[in-house]
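Note on naming: letters A, B, ... go to the chains in the order of the sequence lines (proteins, then strands), and numbering restarts at 1 for each one. Bear in mind that the values here come from a model prediction, so they are computed numbers and not experimental data. Atoms considered below: every heavy atom in the structure, side chains included; atoms not considered: hydrogens, waters and symmetry mates.
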Amino acid sequence: MESVGLSSLIGMANAGPGPQEGQAEKGGRGFADVLQSSVEKVNDAQLQADEAVGKLHSGEAKNIHEVTIALEQADISLRLMVKMRNKAMDAYQEIMRMQV
Amino acid sequence: MNIFTAMQISSSGLKAQRTRLNVISANMANMETTQTPEGGPYRKQDVFFEAVKTATERDSGVRGEKGVREVGVYDVAPNPRPFRMVRDPEHPDADENGIVLMPNVNPMEEMVDMMSATRAYEANVTAVKAAKRMALKALEIGR
């Protein structure tokens, strides 16, 4: 009984990280990469909005609505990023509060 | 095919309606114009729209959602209606019978088109607002 339990545990320990590594290699993207790219996208949206406002002021932009829509997009992506950050912080604090 | 597709499509609608308003303004401004570079009086211009692929579809080549199309202006063409004939012998553009050809612009028609363009513009703005509201509502999930 004991040996069966142990071997199955060892099997689990061996099997545990196996598929995860495989997935990480297959996808090539860990959580950090995903976070990095999404933060970059949000930054791009902010820069685009900035550029659009600059163009509006310099009289280069011909359509006001393109500027306002760029601003809205930047706003929504920033809100989404803040939401993600809050979720990550919640998870971190939940772990830190854990009694050891 | 992301959350901003609706906004991009509405943006194309806003742009198209702005073009339409520009052309209507030109028609109104040239209501009494009797001379043009092409010769003859000003001819009323009409705007024609077409459904085009979305910007993301054009840029990335990835096929978007079925039936989702942006709007584009495919042509601004002169209206073939005959010119108005007005008798005014003192006018420098009058012919030997004292008849002056006036543009085929009907101010009433232009006013109606202008109201229609304004309402269509407002409708597109409302669609942008709805898209934003939906995105923000999605961010409220799990709050």
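Side-chain heavy atoms closer than 4.5 Å link hydrophobic residues (I, L, V, M, F, W, Y) into clusters, and following such links, possibly through other members, connects V39(A) to V42(A). Hydrophobic cluster membership is shared by L21(B) and M28(B), with clusters built from Ile, Leu, Val, Met, Phe, Trp and Tyr side chains linked at under 4.5 angstrom. Cluster annotation: I76(A) and V128(B) are assigned to the same hydrophobic cluster (Ile/Leu/Val/Met/Phe/Trp/Tyr, side-chain heavy-atom contacts under 4.5 Å, transitive). At a threshold of 4.5 Å between side-chain heavy atoms, the hydrophobic network of Ile, Leu, Val, Met, Phe, Trp and Tyr places F49(B) and V23(B) in one connected group.
In this structure, M134(B) has no side-chain contact (heavy atoms from CB on, under 4.5 Å) partners at least two apart in sequence or on a different chain.
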Original post:
side-chain contact (heavy atoms from CB on, under 4.5 Å) between L14(B) and I64(A): does it pass, once the steps are laid out?
Top reply: CA-CA 10 Å; L14(B) 292 169; I64(A) 306 168; over 6 Å; no
All inter-chain donor-acceptor pairs under 3.5 Å (chain B, chain A):
| from | atom 1 | to | atom 2 | distance (Å) |
| --- | --- | --- | --- | --- |
| S11(B) | O | H65(A) | NE2 | 3.2 |
| R18(B) | NE | N63(A) | OD1 | 2.8 |
| R18(B) | NH1 | K62(A) | O | 3.0 |
| R18(B) | NH2 | K62(A) | O | 3.1 |
| K132(B) | NZ | E72(A) | OE1 | 2.8 |
| K132(B) | NZ | D75(A) | OD2 | 3.2 |
| L139(B) | O | K83(A) | NZ | 2.9 |

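For E109(B), the CD atom sits in a packed shell: over 12 heavy atoms of surrounding residues, nucleotides or ligands are nearer than 6.0 Å.
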